[in-house]
Chemist: 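Quick one: the structure is below, and I'll ask about it shortly.
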Amino acid sequence: MADIAVEKKKIVLSGIQPSGNQFTLGNYIGAIRNWANMQDEFDCIYMIANEHSITVRQEPAKLRENTYRALASLLAAGIDPQKSIVFIQSHVPAHAELAWILNCYTMFGELSRMTQFKDKSSKNADNINAGLFTYPVLMAADILIYQADLVPVGADQKQHVEIARDIANRFNGLYSNTFKLPEPYIPAIGAKIMSLAEPEKKMSKSDPNVNASILVMDKKEDILRKFKRAVTDSQGEVRRGPDKPGINNLITIYSVATGLTPEQVEAQFAGKGYGDFKAACGEAVAEMLRPFREQVEDLMKNKDYLDQVAREGAEKAARLAARTLSKVQKKVGFVPKL
Ligand code: ATP
Ligand code: LTN
């Protein structure tokens, strides 16, 4: 007999902060481009994590504008609000409510071990606020409230997905099965795009050095200039190697932008110098980002449309979130409001 059971798609959830006025090539390659590619195979939920952004001081008007730009960027990267749920974190208050509860099931010691906390608190020594410390708990709530199976993120966020699993496991152990245990989903290539200026460091939105990061809205001439200045080594051979972080990074970027494998990139540039290779990287990245940039510019002229996408996304997300939250409230012993 034919098997008529419809297989349920796995649930994917991810988020990106609207801090910094635009995304980097690292965010694009390591995160949002993959999110778009997952939409047919999975039930996807994507969120602008504006509540996470205020763990570092933000200028209110800029945060508002950056939130719209982040939303426009997800759409321009190919995320389709008819296929996936796209919303702004603060529009679904259930995340913050669940985060409070989960705070009470998360240990001070485990949060103290988070590398991002150590890193961000050393960079913001005058503002080591409690939100920065409990940031992974809100992120756990974002994930667990949708019973997500997979969380597509760059390599730097793996530790945060692991703590979400630990918190879920602890809660499930105390109160019976409540949360699905999520898995990080890290791209095979491009999970950690490095800074062009200091290729031992991750490319990051908050890097003050303008030559370190390609920004997704950069003009072609800026992209070409930044690649031209990219730090490499003195070996002069376009080939990957353990002591060649700059070239390794450029090979990864060029592979992603052209669809070639790293081996094919090495073959293409055999016998050629770094100058030619850097120019080709600049051209390929500018070409990859051009349609994206044009679409973000168009969408930013239509805030009413962005508001509508956000509103509809939040309504769908809130319905799903409410189910898990009420289950959790019941399990911990909160009196239901009748
Ligand atoms: P910040 O510099 O403010 O910490 P960020 O550039 O690291 O910001 P996030 O908002 O923390 O950006 O990250 C959004 C997503 O992009 C995450 O999934 C993260 O793993 C991914 N990501 C960030 N930087 C890179 C990078 N250099 N390479 C690959 N993925 C990245
Ligand atoms: N912490 C993430 C952004 C983020 C996120 C999430 C990612 C907030 N909530 C839930 C995945 C799942 C970051 O800084 N990249």
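Remember, predicted model here, so these are calculated numbers, not experimental data. Residue numbers run from 1 in the order of the sequence given. One-based numbering, in listed order, for ligands and for the atoms of each.
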Chemist: Atom 12 (O) of ligand 1: which of Q157, Q17, K205 has the nearest heavy atom?
Modeler: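 It is K205 that holds the nearest heavy atom.
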Chemist: Does ligand 2 have a heavy atom under 4.0 Å from the side chain of I143, from its backbone, from both, or from neither?
Modeler: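 Contact part for I143 vs ligand 2: side chain (C-beta onward).
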Chemist: May I ask whether Q89 has any heavy atom positioned less than 4.0 angstrom from an atom of ligand 2?
Modeler: no
Chemist: Taking N or O atoms only and a 3.5 Å limit, does D142 qualify as a polar contact for ligand 2?
Modeler: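 Checking ligand 2 against D142, an N or O pair does fall under 3.5 Å apart.
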Chemist: Is Q157 close to ligand 2, meaning an N/O of one under 3.5 Å from an N/O of the other?
Modeler: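 Checking ligand 2 against Q157, an N or O pair does fall under 3.5 Å apart.
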Chemist: Atom 27 (N) of ligand 1: which protein heavy atom is closest, and how many Å away?
Modeler: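 Going by distance alone, atom 27 (N) of ligand 1 is nearest to I193 O, 2.7 Å.
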Chemist: Would K272 and F269 count as a cation-pi pair here, with the cationic atom under 6.0 angstrom from the ring centre and within 45° of the axis?
Modeler: yes
Chemist: As a test of understanding, state which of Y46, F42, Y28 forms a ring pair (Phe, Tyr, Trp, His ring centres under 6.0 Å) with W35.
Modeler: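 Only match with W35 under ring pair (Phe, Tyr, Trp, His ring centres under 6.0 Å): Y46.
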Chemist: Could you tell me which non-hydrogen atom of S14 sits nearest to which non-hydrogen atom of V153, and how far apart they are?
Modeler: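 Nearest heavy atoms, S14 then V153: OG-CG1, 3.9 Å.
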Chemist: Given N103, which partner from the list L98, T134, L138, I167 fulfils the side-chain contact (heavy atoms from CB on, under 4.5 Å) test?
Modeler: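 Only match with N103 under side-chain contact (heavy atoms from CB on, under 4.5 Å): T134.
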Chemist: Any idea which protein heavy atom is nearest atom 23 (C) of ligand 1, and the distance to it?
Modeler: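 Nearest neighbour among protein heavy atoms for atom 23 (C) of ligand 1, to 0.1 Å: N27 ND2, 3.1 Å.
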Chemist: Specify side chain, backbone, both or neither for V151, according to which of its non-hydrogen atoms lie closer than 4.0 Å to ligand 2.
Modeler: side chain
Chemist: Where's the contact between V153 and ligand 2, heavy-atom distance under 4.0 Å: side chain, backbone, both or neither?
Modeler: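 Side chain only.
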